[in-house]
Amino acid sequence: MDIPRIFNITESAHRIHNPITPEKLATLGAALRLEPGARLLDLGSGSGEMLCTWARDHGVIGTGVDMSQLFSEQAKRRAVELGVADQVRFIHADAAGYVADEKVDVAACVGATWIGGGVAGTIELLTRSLHTGGIILIGEPYWRQLPPTEEVAKGCLANSISDFLMLPELLASFGRLGYDVVEMVLADQDGWDRYEAAKWLTMRRWLEANPGDELANEVRTKLTTEPERYAAFTREYLGWGVFALMQR
């Protein structure tokens with residue numbers, strides 16, 4: 001069980017697998033007013049940066065679940081590095097359908113809402129692990145400006161314009177699901193740069209070390225085309241944010 005190998009290659013040097021900087025991640029943790037001992041569940045936890053740094057900075061405890069074997073191992077090493085291995089644990093498993101054994105104070109899916117078939121299904125899944133009055137965290141893209149054509153949307157790696165909403169519409173959609181938006185931290189273009197551009201050096205180094213690999217041609221094509229595609233489309237049109245929700 002694992003994610004497609006291309007993602008393990010291109011994001012192998014990432015600590016955060018979303019377009020958000022460490023500073024913004026810290027801002028989010030502070031904004032949630034986390035108490036020491038608060039329990040968190042992070043579905044699609046990647047390399048564990050959110051759980052590990054919040055355990056260090058706020059004294060939380062929690063569990064991360066991710067399908068990538070590589071990222072799960074990196075998360076465990078990060079917990080040791082930050083001295084929080086006794087506060088957090090990371091499980092290599094499919095986060096789809098995962099429900100915590102013990103109710104949590106914060107249930108998060110930051111950038112992986114496909115595990116629930118979209119935002120609504122993921123919120124429903126997270127609610128099953130949440131204490132009454134707890135907080136749900138959802139990380140989700142939105143359009144910074146509406147693409148003028150479907151081709152532009154595809155340039156942002158969306159299937160169509162309808163894949164994402166404008167920010168006001170996204171916020172309103174949470175309300176229609178019966179949730180108050182109680183906080184949000186939005187990525188900026190610097191955050192997108194760090195997420196996307198960091199892949200390019202990783203790909204170049206990987207190609208130098210693995211010239212005969214079966215994915216070498218695919219990685220070479222991505223390295224050649226991604227900088228221009230990203231600058232022309234994703235950087236200009238696509239936003240991303242983490243939204244804190246509480247059930248009404």
(request) Using the rule that two of Ile, Leu, Val, Met, Phe, Trp, Tyr join whenever any of their side-chain heavy atoms come within less than 4.5 Å, decide whether I6 and L70 are in one cluster. (result) yes
(message) Can you tell me how far apart CG (D42) and CD1 (I91) are? Round to the nearest 0.5 Å.
(response) 11.5 Å
(request) Mark yes or no for whether K154, through its side chain, and N159, through its backbone, hold a donor-acceptor pair below 3.5 Å. (result) yes
(message) Between D105 and R39 (side chain of the first, backbone of the second, donor and acceptor by atom type, cut-off under 3.5 Å), is there such a pair?
(response) yes
(request) Over all heavy atoms of both residues, which pair between M184 and F243 is shortest? Give the atoms and the distance, please. (result) CB-CD2, 3.7 Å
(request) Evaluate the side chain to side chain donor-acceptor pair (under 3.5 Å) criterion for residues T63 and Y98: first the C-alpha distance (whole Å), next the side-chain angles of each, then the deciding distance (0.1 Å), finally the verdict. (result) CA-CA 11 Å; T63 300; Y98 185 92; 5.4 Å; no
(message) Quick one about N8 and S68 (side-chain donor to acceptor, distance below 3.5 Å, no hydrogens or angles considered), yes or no?
(response) yes
(message) Set out, in order, the CA-CA distance, both residues' side-chain angles and the distance that settles salt bridge (Lys or Arg N to Asp or Glu O under 4.0 Å) for R204 and E208, then state yes or no.
(response) CA-CA 6 Å; R204 176 56 189 262; E208 291 170 351; 2.9 Å; yes
(request) Evaluate the side-chain proximity of T127 to Y179: yes if any heavy-atom separation is below 4.5 Å, no if none is. (result) yes
(message) As an exercise, state the distance from CZ of F164 to CZ of R144, rounded to the nearest 0.5 Å.
(response) 14.5 Å
(request) May I ask you to decide if D193's main-chain N or O and Y230's side chain share a donor-acceptor pair within less than 3.5 Å? (result) yes
(request) Verify the neighbour count for atom CG of D86: are there more than 12 heavy atoms of other residues, nucleotides or ligands below 6.0 Å? (result) yes
(request) Determine yes or no for a side-chain-to-main-chain donor-acceptor pair under 3.5 angstrom, with D180 supplying the side chain and R248 the backbone. (result) no
(request) Would you give the length of the straight line joining atom CG of D66 to atom OG of S45, rounded to the nearest 0.5 angstrom? (result) 5.0 Å
(message) Are D188 and K24 packed together at the side-chain level, in the sense that at least one heavy-atom pair is separated by less than 4.5 angstrom?
(response) yes
(request) Run the numbers on Y237 and L146 for side-chain contact (heavy atoms from CB on, under 4.5 Å), then give the verdict. (result) CA-CA 7 Å; Y237 288 93; L146 201 64; over 6 Å; no
(message) When you measure from the side chain of E218 to the backbone of L215, do you find a donor-acceptor pair of N or O atoms at a distance under 3.5 Å?
(response) no
(request) For S129 and L41, work out which heavy atoms get closest and say how close. (result) OG-CD2, 3.5 Å
(message) Looking at every non-hydrogen atom in both residues, tell me the closest pair between I115 and L125 and how far apart they are.
(response) CD1-CD2, 4.0 Å
(request) Could you point out which residue of R15, R77, H17, E11 forms a side-chain hydrogen bond (donor to acceptor under 3.5 Å, both in side chains) with S47? (result) H17
(request) Could you go through the side-chain contact (heavy atoms from CB on, under 4.5 Å) check for I123 and L245 one step at a time? (result) CA-CA 9 Å; I123 289 175; L245 314 175; 3.6 Å; yes
(request) Drop me the distance from L40's CG to L34's CG, to the nearest 0.5 angstrom. (result) 6.0 Å
(request) Without swapping roles, check the side chain of H92 against the backbone of M67 for a donor-acceptor pair under 3.5 Å. (result) yes
(message) Considering only residues two or more places apart or on different chains, which pairs with a residue in residues 186-207 satisfy ring-ring contact (aromatic ring centres under 6.0 Å, His included)?
(response) H14-Y195
(request) Mind checking the SG-CG spacing from C109 to L137? Nearest 0.5 Å is all I need. (result) 10.0 Å
(message) I'd like to know if V106 and V181 are part of one continuous hydrophobic network [Ile/Leu/Val/Met/Phe/Trp/Tyr, side-chain heavy atoms within less than 4.5 Å].
(response) no
(message) Could you check whether E140 and T113, counting side-chain N and O atoms only, form a donor-acceptor pair closer than 3.5 Å?
(response) yes
(message) Check whether Q69 reaches the backbone of M1 with its side chain - one donor and one acceptor, N or O, closer than 3.5 Å.
(response) no
(request) Check the pair I136, Q247 against side-chain contact (heavy atoms from CB on, under 4.5 Å), reporting the backbone distance first and the verdict last. (result) CA-CA 9 Å; I136 285 175; Q247 194 164 24; over 6 Å; no
(message) Could you check whether any side-chain heavy atom of L238 comes within less than 4.5 Å of a side-chain heavy atom of F233, counting everything from C-beta outward?
(response) no
(request) Report yes or no: do F90 and V99 belong to one cluster of Ile/Leu/Val/Met/Phe/Trp/Tyr joined by side chain heavy-atom distances under 4.5 Å? (result) no
(message) By the definition side-chain contact (heavy atoms from CB on, under 4.5 Å), identify the one residue from P141, P19, C156 that meets it with T234.
(response) C156
(request) Look only at the side chain of K103 and the backbone of R128, and say whether a donor-acceptor pair between them is shorter than 3.5 Å. (result) yes
(message) List the residues meeting side-chain hydrogen bond (donor to acceptor under 3.5 Å, both in side chains) with R5, not counting sequence neighbours, and say none if there are none.
(response) D213
(message) When you group the ILVMFWY residues by side-chain heavy-atom contacts below 4.5 Å and let the links chain together, are V182 and L167 in the same group?
(response) no
(request) Apply the side-chain contact (heavy atoms from CB on, under 4.5 Å) test between E49 and each candidate in I20, N18, I16; give the one that qualifies. (result) I16
(request) Could you check F174 against V119 for side-chain contact (heavy atoms from CB on, under 4.5 Å), going step by step and ending with a plain yes or no? (result) CA-CA 9 Å; F174 297 133; V119 171; 3.7 Å; yes
(request) Measure across W54 and L25 and return the closest heavy-atom pair with its distance rounded to 0.1 Å. (result) NE1-O, 3.2 Å
(message) To check you understand the geometry: which heavy-atom pair defines the closest contact between I161 and P147, and what is its length?
(response) CD1-O, 3.6 Å
(message) I need the minimum non-hydrogen distance between L130 and A107, along with the two atoms involved.
(response) CD1-N, 3.7 Å
(request) Decide whether W240 and L28 are clustered together by the hydrophobic rule: side chain heavy atoms of Ile, Leu, Val, Met, Phe, Trp, Tyr closer than 4.5 Å, transitively. (result) yes
(message) Do L165 and L171 have side chains that approach each other closer than 4.5 Å (heavy atoms only, starting at C-beta)?
(response) no
(message) How about CZ on F7, more than 12 heavy atoms from neighbouring residues, nucleotides or ligands closer than 6.0 Å, or not?
(response) no
(request) Ignoring hydrogens and angles, tell me if any N or O in the side chain of K76 forms a donor-acceptor pair with the backbone of R89 under 3.5 Å. (result) no
(request) Please answer whether the main-chain N or O of V60 pairs with a side-chain N or O of Q87 as donor and acceptor at a distance below 3.5 Å. (result) yes
(message) What's the separation between atom CZ in R78 and atom CG in L51, rounded to the nearest 0.5 Å?
(response) 12.5 Å
